[in-house]
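Before any comments, here is the structure.
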Amino acid sequence: MKAYGECKDGAVYGEPDGIYCESKVFDNEEFGYHKIVVERPLRMAVKVNDESLASFKQCLARTIFKEDKENLPEMSLAEAMSLPIEKVPRAIKLKNSAEDEAKFYFSNALNILESMKQDEPYLSLDDFEKAFNNHPANVKGIKFDMLYNSQDFSYALFEVNPAAEIVYDIKHKPMVDTNLRDTENVPLKENIEEYLQREVLPYAPDAWIDKKKTKVGYEIPMTRYFYKYEAPEPVEEVAVRIHELELDIQNSLDKLFAGEV
């Protein structure tokens, strides 16, 4: 009560070796922080090898149905491919007019991909798209983005690769790799940009803060402000104590089993 009433910073009431109270005074801002969301760019590579093409063909076989199937959306291949990635169905029932379109598109796409096979992945999505679209075998002008926007096929051909170039959206903003997303608590009294320069960018030079997701919070970490360091017991004393305990245990066992010999 006395400590609370006097409200003095750094005052100690009582004896530190017994019952005592330590008083500290802080600004309200001391306990506040900005919770920031640190984003990293998506780096996507294109893998065109025997394994990925086999997976591509399996996706093709599973996704496109000629015959009627119950509860499947009916649309043309172009309609399906133009949907956002998250809305592309796992399987579709092709409209009658779309069967030839599907055969044409995928047979030609496979021919182009087969001629672009290599052991190492392509590390630039933009360069690969240009090479695909302008490939000599691409006589019908097939667009690579139809493959890229298809969820099933993208799983077969694309992979996240930290060595790859950054992927940009249509507004030329880097796309976010949600698996690399992180959060940091920055004290209110500290400049966020300075924190980013000191604590984040040396380890992740391509990171940035999504300022729309920044929130303000408060917490009172008592241990941080009132923790008193106590030196651990010397190793030599611990070793002696362990040896004494071992002897005590051995003596107890000897007494316990003495009559069984």
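In this text, all values refer to a predicted model and were calculated from it rather than measured experimentally. All residue numbers in this chain count up from 1 along the given sequence.
Looking only at side-chain heavy atoms (C-beta outward), V176 and W208 come within less than 4.5 Å of each other. Proximity of M116 to H135: side-chain heavy atoms (C-beta onward) are separated by under 4.5 Å at one or more points. Contact annotation: the side chain of Y122 approaches that of V48 to within less than 4.5 Å [non-hydrogen atoms, C-beta and beyond]. In this structure the side chain of N49 never reaches within 4.5 angstrom of the side chain of D119, judged on heavy atoms. Side-chain contact between E6 and S23 is absent, with no heavy atoms from C-beta onward closer than 4.5 Å. At a threshold of 4.5 Å between non-hydrogen side-chain atoms, the residues E190 and R198 count as touching. Residues E165 and D126 form no side-chain contact, since every pair of their non-hydrogen atoms from C-beta on lies 4.5 Å or further apart. Using a 4.5 Å cut-off on side-chain heavy atoms (C-beta onward), V160 and N179 make no contact.
Residues I19 and M1 are members of separate hydrophobic clusters, defined by side-chain heavy-atom contacts under 4.5 angstrom among Ile, Leu, Val, Met, Phe, Trp and Tyr. The cluster map of Ile, Leu, Val, Met, Phe, Trp and Tyr, joined by side-chain heavy atoms under 4.5 Å apart, puts I220 and V216 in the same cluster. Hydrophobic clustering (side-chain heavy atoms under 4.5 Å, transitive across Ile, Leu, Val, Met, Phe, Trp, Tyr) groups V46 together with M175. Both V38 and Y195 sit in one connected hydrophobic cluster of ILVMFWY residues. Membership requires side-chain heavy atoms under 4.5 Å apart, directly or through other members. Tracing side-chain contacts under 4.5 Å through hydrophobic residues (I, L, V, M, F, W, Y), one never reaches Y218 starting from I192; they form parts of separate clusters.
Test I166, V167, L42 against D177 for side chain to side chain contact (heavy atoms under 4.5 Å, CB included) and you get one pass: L42.
Using a 4.0 Å cut-off between a side-chain N of Lys or Arg and a carboxylate O of Asp or Glu, K228 and E22 qualify as a salt bridge. For R40 and D206, the salt-bridge test passes: some basic side-chain N is under 4.0 Å from an acidic carboxylate O.
Remark: K35 NZ is loosely packed, at most 12 non-hydrogen atoms of other residues, nucleotides or ligands lying under 6.0 Å away. Within 6.0 Å of CD in E15 there are 12 or fewer heavy atoms belonging to other residues, nucleotides or ligands. The local environment of NZ in K215 is sparse, with at most 12 non-hydrogen atoms from other residues, nucleotides or ligands closer than 6.0 Å. Within a 6.0 Å radius of OH in Y4, other residues, nucleotides and ligands contribute 12 heavy atoms or fewer.
Going from atom CG of L125 over to atom CG of N161 covers 12.0 Å, rounded to the nearest 0.5 Å.
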side-chain contact (heavy atoms from CB on, under 4.5 Å) between K213 and R181, intermediate numbers included: CA-CA 12 Å; K213 297 177 181 177; R181 179 175 292 157; 3.4 Å; yes

Residue pair F132, L113: steps toward the side-chain contact (heavy atoms from CB on, under 4.5 Å) verdict: CA-CA 8 Å; F132 182 94; L113 291 172; 3.9 Å; yes

Chi angles and distances behind the side-chain contact (heavy atoms from CB on, under 4.5 Å) call for F128, M44: CA-CA 11 Å; F128 183 86; M44 191 79 73; over 6 Å; no

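S52 places no side-chain N or O within donor-acceptor distance of the main-chain N or O of L157, the cut-off being under 3.5 Å. Between the side chain of D27 and the main chain of E30, no donor-acceptor pair closer than 3.5 Å is present. No donor-acceptor pair closer than 3.5 Å links the side chain of N138 to the backbone N or O of N134. Looking at D9, its side chain does come within 3.5 Å of a backbone N or O of V25 through a donor-acceptor pair.
For residues 15-50, the set of pairs meeting the ring pair (Phe, Tyr, Trp, His ring centres under 6.0 Å) definition, not counting sequence neighbours, comprises F26-F31, F26-Y225, F31-Y225.
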